[in-house]
Amino acid sequence: TPMRVGCFCAAVLFSLGAGLQGAALAAEGDVTIGALRVAPRNTATVVKIHDNNLVLNPGTAAFDVYVTHNGLQRTFTVIRPEPAPAAAPMLLMLHGRAGTAEGQANLGYLPKSVVEKRYWAVLPQYHNGSWEDDPGVNRGIDDIGLMRRIIDIMQSRYGIDTSRVYASGFSNGGFMAQRMACELSDRIAAVALVGTSITRGVYNSCAPVTPRPLMFVDGSADPIVPWAGSSTLLSVETAVSMWSARLACGLNPSTTALPNTANDGTTIDLRRYTGCSRGELRLYRVNEGGHTWPGGLQYLPATTVGKTSADLSATSEIWNFVSAYRR
């Protein structure tokens with residue numbers, strides 16, 4: 001997938017102090033689990049995972065996992081409440097192009113949500129510069145198989161509630177999560193996408209066994225994933241229309257203007273399709289918003305990626321939406 005779905009999330013950096021040091025890795029078969037990093041009880045801290053800074057809130061812990069899949073060593077980072085809750089739900093969150101798992105967690109203040117809502121966040125790292133987000137372009141990496149493997153590992157080793165597994169992503173990661181909505185509906189209960197429209201390959205092939213509730217968050221002034229589409233991407237409206245058809249939502253959505261609480265040059269309109277056969281379809285249109293994560297960091301200048309809206313926390317809204325559903 002070209003840079004059109006980039007997010008440059010590697011630019012998200014922190015300098016809040018030294019990372020905590022972990023113990024040696026623990027290996028079992030083709031899965032290797034890194035040392036647990038636990039945040040101090042009363043203060044946020046920065047830990048190092050994969051040589052990247054990860055900000056942990058009090059009441060959270062994190063570790064990394066290495067797994068051999070399709071002949072490649074792949075990694076994912078886990079952020080969970082401390083102590084670990086049993087039979088907890090899990091949110092897969094996929095980073096954008098030029099980003100990292102840890103940068104994605106920092107971008108949307110994910111550890112804060114983890115400790116408040118008591119779920120496990122799992123953030124895979126892509127291989128060789130891109131997710132395999134378009135079934136029409138086979139790069140031989142098998143990211144779909146990797147996601148199945150990650151869910152299996154999290155269930156067998158940590159007792160994740162497999163009826164409450166959710167997928168989300170930003171930019172290139174959002175396009176990959178959308179492909180998961182098409183091909184992993186037997187494993188995922190709901191999906192949320194930020195900075196994402198739809199690839200032609202997904203549009204032409206998407207046939208979920210059981211369509212799942214889904215939400216989009218997109219900026220009308222996104223310079224990377226244009227609202228109206230491009231030569232390589234279909235429009236946001238086309239993506240929403242396709243999912244409306246898959247979910248049998250009908251033609252009469254409601255649109256509501258969300259409170260304009262921040263003087264940042266953006267507003268948000270929420271379109272809700274509530275008459276669907278399974279759950280709900282939502283579109284959050286961030287008017288004048290860019291290729292950004294609402295309520296998150298302005299990870300690059302607005303002249304490069306557009307404005308970040310502070311009228312909504314995308315992280316909180318994603319969890320509130322997906323957690324209403326079980327598979």
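Basis for what follows: all heavy atoms, side chains included, without hydrogens, waters or symmetry-related copies.
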Exercise for the section: May I ask you to test the Val217-Val286 pair for a side-chain heavy-atom distance under 4.5 Å? Expected result: yes
Exercise for the section: Could you tell me whether the side chain of Pro124 reaches within less than 4.5 Å of the side chain of Met147, counting heavy atoms only? Expected result: yes
Problem - Side-chain donor or acceptor of Ser185 paired with backbone N/O of Pro211 under 3.5 Å - result: no
Handout entry: Donor-acceptor side-chain pairing of Gln125 and His50 below 3.5 angstrom
Key = no
Exercise for the section: Would you sort out whether Tyr166 and Arg164 count as a side-chain hydrogen bond (donor to acceptor under 3.5 Å, both in side chains), showing the intermediate values? Expected result: CA-CA 6 Å; Tyr166 312 106; Arg164 294 185 294 164; 5.2 Å; no
Exercise for the section: Verify whether one side chain among Thr196 and Gln178 offers a donor that lies under 3.5 Å from an acceptor in the other. Expected result: no
Exercise for the section: Check step by step if salt bridge (Lys or Arg N to Asp or Glu O under 4.0 Å) holds for Asp186 and Arg212. Expected result: CA-CA 9 Å; Asp186 61 322; Arg212 300 297 179 185; over 6 Å; no
Exercise for the section: Assert yes or no for the condition that the ring centre distance of Trp243 to Tyr273 is strictly below 6.0 Å. Expected result: no
Problem - Flag, side chain of Asn57 to backbone of Ala44, donor-acceptor distance under 3.5 Å - result: no
Exercise for the section: May I ask you to check whether over 12 heavy atoms, not counting those of Tyr203, lie within 6.0 Å of atom OH? Expected result: no
Problem - Nearest atoms (heavy-atom pairs only) where Ile268 meets Ser309 - result: CD1-OG, 3.7 Å
Problem - Transitive ILVMFWY cluster of Ile141, excluding itself - 4.5 Å side-chain cut-off - result: Leu72
Practice task
Could you tell me whether the side chain of Ser171 and the main chain of Gly96 form a donor-acceptor pair under 3.5 Å?
Solution key: no
Problem - Pair Asn287, Thr267: side-chain N/O donor-acceptor within cut-off below 3.5 Å - result: yes
Exercise for the section: Hey, could you give me the CD1/OG distance between Ile318 and Ser113, rounded to the nearest 0.5 Å? Expected result: 9.0 Å
Exercise for the section: Give the intermediate values and the outcome of salt bridge (Lys or Arg N to Asp or Glu O under 4.0 Å) for residues Arg41 and Glu82. Expected result: CA-CA 10 Å; Arg41 182 170 299 179; Glu82 173 62 28; over 6 Å; no
Practice task
Give a yes or no answer on whether the side chain of Gln73 reaches the backbone of Thr68 with a donor-acceptor pair at less than 3.5 Å.
Solution key: no
Practice task
Would you check if the side chain of Thr77 reaches a backbone N or O of Ala101 as a donor-acceptor pair within less than 3.5 Å?
Solution key: no
Exercise for the section: Ignoring hydrogens and angles, state whether a donor on the side chain of Asp133 or Asn172 is under 3.5 Å from an acceptor on the partner side chain. Expected result: yes
Name every donor-acceptor pair, under 3.5 Å, that has one atom in a side chain of residues 86-93 and the other anywhere in the protein, sequence neighbours excluded.
none

Problem - Glu102 side chain reached by Leu123 side chain, heavy atoms, under 4.5 Å - result: no
Exercise for the section: Tell me yes or no: between the side chains of Ser235 and Thr238, is some donor less than 3.5 Å from an acceptor? Expected result: yes
Practice task
Find out whether Gln104 and Leu94 are in side-chain contact, i.e. whether some heavy atom of one side chain is under 4.5 Å from a heavy atom of the other.
Solution key: no
Practice task
Determine, for Asp64 against Arg37, whether the closest basic-nitrogen to carboxylate-oxygen distance falls under 4.0 angstrom.
Solution key: yes
Practice task
Quick one: do Arg187 and Asp152 satisfy salt bridge (Lys or Arg N to Asp or Glu O under 4.0 Å)? Show the steps, please.
Solution key: CA-CA 10 Å; Arg187 306 300 300 275; Asp152 289 342; 2.7 Å; yes
Problem - Gln298/Thr308 under side-chain hydrogen bond (donor to acceptor under 3.5 Å, both in side chains): CA gap, chis, key distance, verdict - result: CA-CA 6 Å; Gln298 181 73 45; Thr308 299; 2.7 Å; yes
Practice task
Determine whether the aromatic ring centres of His95 and Tyr126 lie less than 6.0 Å apart.
Solution key: yes
Problem - Joint cluster assignment, Val191 & Leu247, ILVMFWY side-chain distance < 4.5 Å - result: yes
Exercise for the section: Report yes or no: do Ser163 and Arg326 form a side-chain donor-acceptor pair below 3.5 Å? Expected result: yes
Problem - Given Met242, Glu183, Arg179, the one that forms side-chain contact (heavy atoms from CB on, under 4.5 Å) with Cys206 - result: Met242
Exercise for the section: Output yes when a side-chain donor or acceptor of Thr304 lies under 3.5 Å from a complementary backbone atom of Leu300, and no otherwise. Expected result: no
Problem - Within-4.5 Å side-chain heavy-atom neighbours: Arg149 and Val67 - result: yes
Exercise for the section: Please examine the side chains of Tyr109 and Leu297, heavy atoms only from C-beta on, and report whether any two atoms are closer than 4.5 Å. Expected result: yes
Problem - Donor + acceptor pair across side chains of Gln155, Thr162 (<3.5 Å) - result: no
Fill in the blank from the handout: Smallest heavy-atom separation, Asp264 atom then Ala310 atom, equals OD2-N, 2.6 Å
Practice task
Go through the side-chain N and O atoms of Trp319 and Ser168 and say whether any donor and acceptor fall under 3.5 Å apart.
Solution key: no
Exercise for the section: Please round to the nearest 0.5 Å and tell me the distance separating atom CG of Asn320 and atom CE of Met215. Expected result: 9.0 Å
Practice task
Kindly determine whether Glu280 and Arg272 satisfy salt bridge (Lys or Arg N to Asp or Glu O under 4.0 Å), including the steps that lead there.
Solution key: CA-CA 7 Å; Glu280 185 178 345; Arg272 298 180 66 181; 2.6 Å; yes
Exercise for the section: To the nearest 0.5 Å, tell me how far Ser241 OG sits from Leu281 CG. Expected result: 9.0 Å
Exercise for the section: Give a yes or no on whether the backbone of Asn53 and the side-chain of Asn106 come within a donor-acceptor separation of less than 3.5 Å. Expected result: yes
Practice task
Measure centre to centre between the rings of Tyr158 and Trp120, then say whether the value is under 6.0 Å.
Solution key: yes
Problem - Side chain Arg139, main chain Ser130, donor-acceptor under 3.5 Å - result: yes
Handout entry: ILVMFWY network linking Val115 to Tyr119, side-chain heavy atoms under 4.5 angstrom
Key = no
Handout entry: Partner of Leu54 by side-chain contact (heavy atoms from CB on, under 4.5 Å), out of Ile49, Thr100, Thr60, Thr45
Key = Ile49
Practice task
May I ask you to test the Leu258-Asp311 pair for a side-chain heavy-atom distance under 4.5 Å?
Solution key: no
Practice task
Compute the ring centroids of His291 and Tyr299, then answer whether they are less than 6.0 Å apart.
Solution key: no
Completion exercise
Value for NE2 (His69) from OG1 (Thr75), rounded to nearest 0.5 Å, stands at 13.5 Å
Exercise for the section: Report yes if some heavy atom in the side chain of Val236 is under 4.5 Å from a heavy atom in the side chain of Leu283; otherwise report no. Expected result: yes
